[in-house]
Visitor: 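Here you go, one structure.
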Amino acid sequence: MMSPRFVWKVSLSMHVLSPTLCALALISVSGPALALDSWTTTAERGLPVLSLTQGEGSVRIVCDPDRVFGPTPNGAVLVTLPKDKAPTTVVFLAKTGEQARLAVANGIAAQAKIDAAEWAKMVEILRKGGAFAVVSSADSLSFETTPLPDLACE
């Protein structure tokens, strides 16, 4: 039979160990949050440019909310896909199901040359933020961003 002193030691060590194990389990389950992809903001020829990069691929959005160069919108999406150097179409696919199909020439979808409704859908996907992909027939890039509620790319 075990001595009462030994039983008390075992019991005490289990009480001390239990909260420690719980804390470790909680830390390992919660873990650090995944980092979001960050937009880089610059200006080119007086127009705001937002960029996302992933390895050799990138997406750049040029906005022209004030029609700086005349009444024609000068907004554009510049897409660089590592495995598809000359896509003719790219699709912005939001994790929530929204999608925008853009015609591309030389990696550029010019706002003035594509369907206005598709441009508006793409802008809305970016405004909402979250997970989205830019997909061609041969390649894709995936991002997860914070919302851009002030994105002025109409």
Visitor: Taking the side chain as C-beta and beyond, is there a heavy-atom pair between Arg60 and Ser51 under 4.5 Å?
Guide: yes
Visitor: How close do Leu151 and Cys63 get, counting heavy atoms only, and between which atoms?
Guide: CD1-SG, 3.8 Å
Visitor: Can you tell me how far apart CG (Leu81) and CD (Gln54) are? Round to the nearest 0.5 Å.
Guide: 10.0 Å
Visitor: Quick check: closest heavy atoms across Asp64 and Thr72, and the distance to 0.1 Å?
Guide: OD2-O, 3.9 Å
Visitor: How far does CD of Glu98 sit from CD of Glu124, to the nearest 0.5 angstrom?
Guide: 8.0 Å
Visitor: Between the main-chain N or O of Ala109 and the side-chain N or O of Trp119, is there a donor-acceptor pair closer than 3.5 Å?
Guide: no
Visitor: Taking all non-hydrogen atoms of both residues, which atom of Pro73 and which atom of Arg67 are closest, and how far apart?
Guide: CB-CZ, 3.5 Å
Visitor: Assess whether side-chain contact (heavy atoms from CB on, under 4.5 Å) is satisfied between Glu56 and Lys83, documenting all intermediate values.
Guide: CA-CA 9 Å; Glu56 296 176 25; Lys83 296 177 188 169; over 6 Å; no
Visitor: Could you go through the side-chain contact (heavy atoms from CB on, under 4.5 Å) check for Ile61 and Met122 one step at a time?
Guide: CA-CA 10 Å; Ile61 310 297; Met122 183 267 309; 4.1 Å; yes
Visitor: Which pair of non-hydrogen atoms, one from Glu144 and one from Ala131, has the smallest distance, and what is that distance?
Guide: CG-N, 3.9 Å
Visitor: Could you tell me which non-hydrogen atom of Ala103 sits nearest to which non-hydrogen atom of Ile114, and how far apart they are?
Guide: O-CG2, 3.6 Å
Visitor: Phe92 vs Phe132 aromatic rings, parallel, tilted or perpendicular, using cut-offs 30° and 60°?
Guide: parallel
Visitor: Mind checking whether Ile108 and Val68 sit in one hydrophobic cluster, side chains of I, L, V, M, F, W, Y counted as touching below 4.5 Å?
Guide: yes
Visitor: Of the non-hydrogen atoms in Arg101 and Glu118, which two are nearest, and what is the gap between them?
Guide: N-OE1, 2.7 Å
Visitor: Rounded to the nearest 0.5 Å, what separates atom CG in Asp84 from atom CG in Leu141?
Guide: 10.5 Å
Visitor: What residue among Val77, Leu78, Asn74, Leu50 forms side-chain contact (heavy atoms from CB on, under 4.5 Å) with Val62?
Guide: Leu78
Visitor: Give the cluster check for Phe143 versus Leu126: same hydrophobic cluster or not, with ILVMFWY residues linked at side-chain heavy-atom distances below 4.5 Å.
Guide: yes
Visitor: If you measure from CH2 on Trp39 to CG on Leu52, what distance do you get to the nearest 0.5 Å?
Guide: 4.0 Å
Visitor: Using the rule given for side chain to side chain donor-acceptor pair (under 3.5 Å), can you reason through Asp37 versus Thr145, listing the C-alpha separation, both sets of side-chain angles and the distance that settles it, and then say yes or no?
Guide: CA-CA 5 Å; Asp37 297 299; Thr145 64; over 6 Å; no
Visitor: What distance separates Lys95 NZ from Ser142 OG, expressed to the nearest 0.5 Å?
Guide: 10.5 Å
Visitor: Between atom CG of Asp115 and atom CG of Leu102, what is the distance when rounded to the nearest 0.5 Å?
Guide: 9.5 Å
Visitor: I'd like to know whether NZ of Lys85 has more than 12 heavy-atom contacts from other residues, nucleotides or ligands below 6.0 angstrom.
Guide: yes
Visitor: Same cluster for Val79 and Leu148 if Ile/Leu/Val/Met/Phe/Trp/Tyr side chains link at under 4.5 Å?
Guide: yes
Visitor: Report yes or no: do Val59 and Ile125 belong to one cluster of Ile/Leu/Val/Met/Phe/Trp/Tyr joined by side chain heavy-atom distances under 4.5 Å?
Guide: yes
